[in-house]
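A short worksheet on the structure shown next.
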Amino acid sequence: MSITEQYLTDKFITTKISIPEHIKIGQNVLILNAIVVYLHRHYTCYFRQGHIWYYYDDLDNSTIKIGNYYDLLDATPSILRNCTLVFYC
C-alpha cells in the first residue's frame, strides 16, 4: 500500500453518527439541505429540493430520486457512515 493510499484509508472515520433533519441554534431552526459522502475514493452528494432528497454522482452524471428524509437514512451509500460534510440552512 502506498503512503497516499494509507493516508486516505487511515484518515476517515466510519463510525455511525446521527444526522438530524433539523437543528436548533439559539432561536433559529436550521434544516438539513445537503450531505457530501465519500466511498471508494470518490465523493458524491445527497441534496434536498423541497421535501424530496436526491443523490448525485458526477461519474455517472446521474441524479437519482431518494424520497423523504427517512428514505435518505436508509440510502446507499450511507449518510450515517460515509458523510464528510453536512449542510444546514
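In this text the structure is predicted, and so the values were computed from the model without any measurement. When a residue number appears, it is its place in the shown sequence, counting from 1.
- Side-chain contact check for Phe47 versus Thr63: some heavy-atom pair is nearer than 4.5 Å.
- Counting only residues at least two apart or in different chains, ring-ring contact (aromatic ring centres under 6.0 Å, His included) contacts with residues 63-89 are absent.
- Nearest heavy atoms, Leu32 versus Trp53: O-CZ2, 3.5 Å.
- The structure places CD1 of Ile35 at 11.0 Å from CG of Asn82, a figure rounded to the nearest 0.5 Å.
- Contact of the Tyr56 side chain with the Asn61 side chain is registered, since non-hydrogen atoms from C-beta on lie closer than 4.5 Å.
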Checklist entry - Taking it one step at a time, do Val36 and Tyr38 satisfy side-chain contact (heavy atoms from CB on, under 4.5 Å)? => result CA-CA 7 Å; Val36 175; Tyr38 179 82; over 6 Å; no
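- Taking the six-membered ring where the residue is Trp, Tyr46 and Tyr55 present tilted rings, their angle falling between 30° and 60°.
- Two residues are said to be in side-chain contact when any heavy atoms from C-beta on lie closer than 4.5 Å; Ile25 and Leu30 meet this criterion.
- The shortest heavy-atom contact between Ser78 and Val37 is O-CG1, 4.3 Å.
- Counting only heavy atoms from C-beta outward, the side chains of Ile19 and Leu72 never approach each other to under 4.5 Å.
- Residue His42 comes nearest to Leu59 through the heavy atom pair CE1-CG, 3.3 Å, listed as atom of the first residue, atom of the second, then distance.
- Atom CD1 of Ile66 and atom CG of Leu73 lie 11.5 Å apart (nearest 0.5 Å).
- Contact detail for Ile17 and Cys83: the closest heavy-atom pair is CD1-SG, 3.4 Å.
- If you take CD1 on Ile64 and CG on Asp57, they are separated by 7.5 Å, rounding to the nearest 0.5 Å.
- Annotation: the span from Glu21 atom CD to His51 atom NE2 amounts to 9.0 Å, rounded to 0.5 Å.
- Between Lys65 and Tyr54, the shortest heavy-atom distance links the atoms CA-CD2, 3.6 Å.
- Here the CG atom belonging to Asp74 is positioned 9.5 Å from the CD1 atom belonging to Ile79, to the nearest 0.5 angstrom.
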